[in-house]
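Below, chain A is the first sequence line, B the second, and so on; all start at residue 1.
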Amino acid sequence: MEVSKRIVLHFPPSIAGQPIVYKLARDFDLSFDILKASVSPGEEGLMVMELSGSQQNYGKGIQYLTEVGVIIQSLSQDIVRDENRCTHCGACITICPTGAFSLEAETRKVLFDHSKCLVCGLCIKGCPPHAMKLFF
Amino acid sequence: MPKTIAEINRKISQGKAVVVTAEEVLGIARDRGIKKTAEEIDVVTTGTFSPMCSSGAFLNTGHSKPRIKLGGGKVFLNDVPVYTGLAAVDVFLGATALPDDDPRNRFRPGEFNYGGGHVIEELVAGKDIKLKATAYGTDCYPRKKLETWINIKDINNAILFNIRNAYQNYEVATNLSDKTLYTYMGILKPALGNANYATSGQLSPLLNDPYYKTIGIGTRIFLGGGIGHVAWHGTQHDPGILRGDNGVPKRPGATLALIGDMKQMRPEWLIGTSMLGYGCTLTIGIGIPIPILSEEILQYTLVSDAEIFAPIVEFSEAHPQGSSDILGEVSYAQLKSGHIEIHGKDVPTASLSSYPKAVEIARTLKRWIEQGEFLLTEAAAPIPGVESGMTSRMLKERPLTE
């Protein structure tokens with residue numbers, strides 16, 4: 001079974017120079033799509049990626065990452081909408097680069113398709129009542 | 001036919017009034033015809049839920065022991081400065097006020113996470129608010145410093161008084177430049193990347209009473225989840241603007257000044273709002289009932305999104321420079337389709353005004369009237385109409401010379 005998940009990888013300074021992602025692809029036959037990558041002044045690396053492959057290889061890959069000291073967080077719950085705060089104005093619809101927001105024709109309520117969200121965060125600052133929140 | 005407000009109120013008191021929203025009335029009139037609908041329906045309710053910057057609250061905190069004269073001093077509520085140029089313990093909290101240490105647009109776009117609108121929301125939600133004040137001290141008001149929590153249930157008065165709300169129509173904003181713009185009309189992407197609009201269209205109060213035949217000074221309304229009144233015409237009230245054949249303004253026209261007791265309002269209808277790169281404001285729920293006194297008044301409430309047109313205004317050059325040029329006109333039906341065409345380009349649209357919330361307001365007001373809890377008012381005086389000649393002008397600058 002194939003799986004595809006978006007994860008956040010934190011690389012401590014001690015391993016930030018190693019070819020870890022390369023090994024992930026070579027040794028575990030996983031494909032990856034890097035959504036965001038940065039290295040902080042303290043040399044700690046952060047990478048947001050979508051990692052895909054067979055369920056078995058995916059598990060092995062995650063195990064490998066954990067063993068070399070990478071801290072992994074799931075991105076599946078990362079951006080959430082505070083339903084009590086959302087006014088369904090629709091300001092987010094044209095801001096979102098991946099079209100994760102759409103209008104329900106009947107009610108004109110704003111729908112949030114989480115599977116399209118790339119966690120870029122544009123909606124967080126662009127939402128007038130601040131209904132979009134980032135959760136780690 | 002015609003009916004009077006007194007007759008409609010009698011029916012409301014008896015629980016017999018027929019009330020529909022400005023959306024529902026469209027289908028009813030289509031099925032039954034104007035004459036029958038005007039006879040059968042007593043009230044049409046409207047609603048809007050939008051950021052409205054010219055809003056604020058007068059608060060009277062009650063006198064401290066010993067007394068302090070906040071008037072002429074400095075007062076902060078949750079670090080947001082309030083206006084103190086009033087008597088000893090009256091202050092005015094404006095929706096767009098920002099804490100002194102807010103970085104504003106020092107690094108663009110500024111986030112404007114907390115301001116006056118947010119304090120208003122928290123006050124109405126019953127949260128304790130931190131008051132910090134310094135004063136100069138007088139013989140009769142000796143105290144020079146006050147730091148305390150206040151709560152809406154304890155202070156003498158909390159009166160929402162919005163000097164310009166409920167705009168009759170509004171601009172559609174777009175951007176022709178190659179840079180993203182952060183405006184009061186939201187984020188405008190470069191090169192006609194999007195277009196934002198901001199009224200509830202066919203549900204909007206003043207678009208259903210284009211000549212202010214029923215909405216006037218004193219009109220009782222839904223304001224912030226409670227009951228308020230029209231206090232006056234709003235600032236920049238501009239009844240003489242361009243209108244369509246149906247009488248509906250095609251430019252921002254009338255405005256209303258609204259007032260109401262915040263102690264009976266609800267935080268879900270007064271929402272502290274942040275416009276990225278622009279500032280803080282307050283999103284407000286307003287609903288106005290329109291008594292169907294005649295076929296003519298019913299006709300006005302039958303306006304639909306396809307018959308209401310808004311001007312498209314360019315925000316990189318035309319708006320900031322004060323030009324009145326527009327890129328064209330579009331109907332609310334087009335805007336609500338999610339796409340409009342500007343200069344031959346397909347441009348996605350978004351609203352800053354919540355239509356589902358406007359529907360909820362119109363339905364809530366309908367329920368209040370049906371249940372006999374909300375009676376209609378006869379206007380004490382009309383707001384200025386087309387015949388008044390009143391306009392909204394740009395500032396005429398005159399150089400200061402010694």
A.B. asks: In terms of heavy-atom pairs under 4.5 Å, which option from B:Thr281, B:Leu276, B:Asn196, B:Leu188 contacts chain A the most?
C.D. replies: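 Of the options given, most contacts go to B:Leu276.
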A.B. asks: Do you know which of B:Thr349, B:Val359, B:Thr273 has the most heavy-atom pairs with chain A at a distance under 4.5 angstrom?
C.D. replies: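 Most heavy-atom pairs under 4.5 Å with chain A: B:Thr273.
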A.B. asks: Specify the closest pair of heavy atoms between B:Lys357 and A:Thr87, including all atoms of both residues, with the distance to one decimal.
C.D. replies: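 That closest heavy-atom pairing would be CG-O, 3.4 Å.
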A.B. asks: For B:Ala350 and A:Gly90, work out which heavy atoms get closest and say how close.
C.D. replies: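 Heavy atoms only, the tightest pair is CB-O, 3.3 Å.
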A.B. asks: Of the backbone (N, CA, C, O) and the side chain (C-beta and beyond), which part of B:Tyr278 lies under 4.5 Å from a heavy atom of chain A, both, or neither?
C.D. replies: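 Neither part; nothing is under 4.5 Å.
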A.B. asks: Under 4.5 Å heavy-atom distance to chain A, tell me which part of B:Ile187 shows up: side chain, backbone, both or neither.
C.D. replies: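 Contact with chain A: side chain only.
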A.B. asks: Roughly how far, to the nearest 0.5 Å, is CD of B:Glu121 from CZ of A:Arg85?
C.D. replies: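 Answer rounded to 0.5 Å: 4.0 Å.
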A.B. asks: Where does A:Cys92 contact chain B at under 4.5 Å (heavy atoms): side chain, backbone, both or neither?
C.D. replies: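 Contact with chain B is absent: no heavy atom of A:Cys92 under 4.5 Å.
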A.B. asks: With a 4.5 angstrom heavy-atom cut-off, could you sort out which part of B:Ser351 is near chain A: side chain, backbone, both or neither?
C.D. replies: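 Contact with chain A involves both backbone and side-chain atoms of B:Ser351.
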A.B. asks: Answer yes or no: are there more than 12 heavy-atom neighbours, outside A:Lys125 itself, under 6.0 Å from its atom NZ?
C.D. replies: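 Incorrect, the count does not exceed 12.
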A.B. asks: More than 12 foreign heavy atoms under 6.0 Å from NZ of B:Lys345: is that the case here?
C.D. replies: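 Yes, NZ of B:Lys345 has more than 12 neighbouring heavy atoms, counting only those of other groups under 6.0 Å.
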A.B. asks: Taking all atoms of both residues into account, what is the closest heavy-atom pair of B:Asn113 and A:His130, and its distance?
C.D. replies: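 Closest approach of B:Asn113 to A:His130, heavy atoms only: OD1-CE1, 2.9 Å.
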